[in-house]
Amino acid sequence: MPLGSVHSSYRRDVAATNWLLFFHLLGAFGFFAGAAVAGTLQLAAIRKERPSEILMLLRLTRVGVVLVGIGALLTLVFGIALADHTGIGLSPVWIQAALGLWVAAMAVGAIGGRTARRARNLAERLVADGDRPSEELRGLVAHRPSLWASYASSLMILAIVVLMVWKPT
């Protein structure tokens, strides 16, 4: 085999690895940033009284949720493709742990987000009915189990990042 074709094949392989890694990291950034955006806006909504203010913040959390969804999909697809392309596969324990945490973070985050969705729907009705403060709305926005689910999901995402960086054996 001519030296030029070996070199060309190697360059294509490195380029493919770099592209897969780029989209995997882009997804990780979106996943983490989306969770941070949604969480920050949720915490800001807790400090508001008027349903219109709460509604505005909870509507904006959907941007974070979309980022989480897109980032989660990119990390999963390109992470698996990268593991396959580099020959690592899915058998290392740190990859299996990351995949398990990915599934758990998505599930627990979705559970935490359900109450926020109910709060957003209630806030819409309250805004239409005069925008008066409501204890029911405040209770939904500050619902402790939902907040703890969101915190737990964020910690799982952070644990995934730790696994990906340190790759324990």
Side-chain angles (χ1 to χ4, degrees), residues 18-83 90 94-166:
N18 287 340
W19 280 110
L20 291 170
L21 181 60
F22 171 76
F23 283 110
H24 179 66
L25 291 175
L26 183 66
F29 179 75
F31 195 24
F32 199 79
V37 165
T40 301
L41 291 169
Q42 174 76 24
L43 291 175
I46 290 172
R47 294 186 297 253
K48 300 298 178 183
E49 292 288 328
R50 305 210 63 77
S52 58
E53 296 171 324
I54 294 170
L55 179 60
M56 178 193 63
L57 292 167
L58 293 181
R59 281 183 175 164
L60 287 172
T61 62
R62 293 192 288 194
V63 172
V65 171
V66 168
L67 277 173
V68 166
I70 292 170
L73 183 62
L74 287 174
T75 58
L76 184 65
V77 170
F78 286 99
I80 291 171
L82 183 62
L90 302 179
W94 62 271
I95 291 179
Q96 292 176 5
L99 288 169
L101 283 168
W102 184 93
V103 169
M106 294 298 290
V108 172
I111 290 168
R114 273 192 273 177
T115 304
R117 188 178 319 114
R118 287 198 334 251
R120 188 179 68 243
N121 292 336
L122 177 58
E124 287 172 350
R125 288 193 307 272
L126 291 170
V127 167
D129 289 341
D131 198 27
R132 289 181 299 280
S134 159
E135 284 305 313
E136 180 184 4
L137 178 59
R138 294 208 33 79
L140 283 174
V141 171
H143 186 248
R144 291 251 186 241
S146 297
L147 291 173
W148 283 111
S150 295
Y151 296 149
S153 179
S154 295
L155 287 174
M156 287 181 225
I157 293 169
L158 184 60
I160 292 169
V161 171
V162 168
L163 284 171
M164 292 292 114
V165 170
W166 280 284

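Numbering starts at 1 and runs along the sequence shown. Treat the numbers as computed from the prediction; the structure is a model and nothing was measured.
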Legend entry - Nearest heavy-atom neighbours spanning S134 and L126: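 Heavy-atom minimum between the residues: CB-CD1, 3.4 Å.
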
Could you state the interatomic distance from [atom1] ([X]) to [atom2] ([Y]), rounded to the nearest 0.5 Å?
X	Y	atom1	atom2	value
F78	L26	CZ	CG	9.0 Å
L82	F22	CG	CZ	13.5 Å
I80	L90	CD1	CG	5.5 Å

Between [X] and [Y], is any pair of side-chain heavy atoms under 4.5 Å apart?
X	Y	value
L158	F32	yes
F31	I157	yes
L58	Q42	yes
V37	T61	no
R132	P51	no
I95	L163	no
L57	K48	yes

When the side chains of residues 100-123 are checked against the rest of the protein, which donor-acceptor pairs come out under 3.5 Å, sequence neighbours left out?
unit_1: W102; atom_1: NE1; unit_2: A72; atom_2: O; d: 3.3
unit_1: W102; atom_1: NE1; unit_2: T75; atom_2: OG1; d: 3.4
unit_1: T115; atom_1: OG1; unit_2: S146; atom_2: OG; d: 2.5
unit_1: N121; atom_1: ND2; unit_2: R117; atom_2: O; d: 3.4

Inset, instruction - Taking R50 for its side chain and D131 for its backbone only, find out whether a donor-acceptor pair lies under 3.5 Å. - result: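 Answer holds: yes.
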
Inset, instruction - Please work out which of the three classes, parallel, tilted or perpendicular, describes the rings of Y151 and W148, given edges at 30° and 60°. - result: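 Geometry flag for Y151 against W148: perpendicular rings.
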
